[in-house]
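Note that this is a predicted model, so its numbers are computed, not measured. Counting starts at 1 for both ligands and their atoms, following the listed order.
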Amino acid sequence: MGPCLAHNSSRCAWPQPHGRLQRCSVLQNETSIASLDLAPSTSSSNGVSGLDAEVLVELKNVHKSFGEKRILNGASFQIRRGEAVGIIGASGTGKSTTLRLISGLLAPDRGEIFINGKARVGLLSDQGDTGEGLRLGMVFQNAALFDSLTVGENVGFMLYEHSQLPPAEIRRRVAASLAKVGLKGVEDLYPSELSGGMKKRVALARAVVSDAADGGGGGEAATAAGRVEQLLMYDEPTAGLDPVASTVVEDLIRSLQKQRDDDSEGGISSYIVVTHQHSTIRRAVDRIIFLHQGRVVWQGTTEEFDSTDEPIVRQFAEGSLEGPISYV
Ligand SMILES: Nc1ncnc2c1ncn2[C@@H]1O[C@H](COP(=O)(O)OP(=O)(O)OP(=O)(O)O)[C@@H](O)[C@H]1O
């Protein structure tokens with residue numbers, strides 16, 4: 001028997017055109033993984049961007065306020081297949097909010113969000129017309145493990161909750177996923193027994209545990225994300241870690257991404273990292289999106305980040321008190 005987890009989540013399911021149930025899940029209090037599968041766009045009907053099949057996520061003029069507080073104020077950007085993108089900017093500028101909007105945990109007040117070419121309408125739980133194609137996964141800032149569950153139960157949470165897999169198969173997949181993040185044999189520990197870095201790695205293992213019908217490996221050990229293409233979002237994955245533990249997580253994030261020349265189905269094709277850590281910007285991303293006052297004020301490669309004259313970026317990069325970013 002798997003752990004009784006039903007009290008921890010809210011769920012929804014809807015029929016797909018070909019008759020199977022589509023999975024979506026949001027865990028209460030946003031404590032874990034949000035995931036959603038959406039069909040790639042093939043038509044130019046309403047609600048479909050229809051522009052470029054390589055664009056996995058697109059925000060167009062997105063606005064979001066909390067009460068009187070305006071957070072996003074016309075944010076627009078694209079994430080393409082194969083990219084490793086960092087979203088950076090001053091504290092409180094809406095980086096985590098942006099990830100929550102993409103993952104469907106929040107809805108924009110205005111503007112459009114396209115996932116795999118298809119317009120997101122409302123919240124993830126309102127989404128009604130889907131198919132397979134792209135899975136969005138999110139690793140939350142504080143790892144957000146359930147304290148009362150073991151590591152194995154945390155990593156296998158979605159499988160225990162949403163799949164018909166037998167517990168022995170779930171345990172096998174959990175072990176494979178933990179091995180992938182360098183944590184063998186910790187299934188029976190509780191989160192309180194782990195270091196901060198280990199918790200973050202457990203959160204990564206949970207985000208990539210396979211729920212594909214055959215384990216994603218054709219009978220071999222489960223592979224990350226099975227055969228479904230995945231876009232992972234990491235919210236400050238290295239915050240609070242020492243430099244060496246940060247490097248471990250940064251390299252892990254890199255290693256989980258599918259190689260560009262790997263033409264097998266599925267896997268993590270792209271990821272987004274929200275971070276303040278210079279090491280993470282250097283080591284884990286190729287392109288940077290800079291948010292300031294609710295808009296994208298600069299985008300470029302990590303090399304361009306070092307050389308740009310954009311005053312906001314320079315101030316941020318140098319940690320200077322002089323410049324457009326003000327905390328007063
Ligand atoms: N659900 C919410 N209700 C009310 N205010 C919120 C909510 N979520 C975020 N905020 C506010 O929106 C602002 C932006 O928050 P967000 O977490 O997106 O910023 P951030 O850029 O990720 O910040 P940091 O770098 O400090 O983590 C903050 O002032 C925050 O307090």
For atom 24 (P) of ligand 1, the closest protein heavy atom turns out to be G92 N, 3.7 Å
Are a donor atom and an acceptor atom from the side chains of S279 and S246 found within less than 3.5 Å of each other?
no
Parallel, tilted or perpendicular: ring planes of F290 versus F316, cut at 30 and 60 degrees:
perpendicular
Identify, by atom number and element, the atoms of ligand 1 in contact range of G94, meaning under 4.0 Å from any of its heavy atoms.
14 (C), 18 (O), 19 (O), 20 (P), 21 (O)
Considering heavy atoms of the protein only, find what lies nearest to atom 18 (O) of ligand 1 and give residue, atom and distance to 0.1 Å.
T97 OG1, 2.6 Å
One finds that the ligand 1 atoms under 4.0 Å from a non-hydrogen atom of H276 are 24 (P), 25 (O)
Which residue and heavy atom of the protein sit nearest atom 27 (O) of ligand 1, plus the separation:
E236 OE2, 3.2 Å
Inspect the surroundings of CZ in R254 and state if more than 12 heavy atoms from other residues, nucleotides or ligands are less than 6.0 Å away.
yes
Answer with yes or no whether the side chains of S269 and E229 bring together a donor and an acceptor at under 3.5 Å.
yes
For the atom pair CD1 (I87) and CD (Q299), what is the distance rounded to the nearest 0.5 Å?
9.5 Å
Heavy-atom contact under 4.0 Å between K69 and ligand 1?
yes
What is the distance from atom CZ of F66 to atom CG of D109, rounded to the nearest 0.5 Å?
8.5 Å
among protein heavy atoms, the one nearest atom 21 (O) of ligand 1 is K95 NZ, 2.8 Å
Quick check: does R100 get an N/O under 3.5 Å from an N/O on ligand 1?
no
I71-ligand 1 polar pair, N/O distance under 3.5 Å:
no
S96 and D235: side chain donor to acceptor below 3.5 Å
yes
Look at atom 1 (N) of ligand 1 and say which protein heavy atom is nearest, naming residue and atom and giving the distance to 0.1 Å.
F66 CE2, 3.7 Å
Considering heavy atoms of the protein only, find what lies nearest to atom 17 (O) of ligand 1 and give residue, atom and distance to 0.1 Å.
S96 CB, 3.5 Å
Are T275 and E236 close enough that a side-chain donor and a side-chain acceptor fall under 3.5 Å?
no
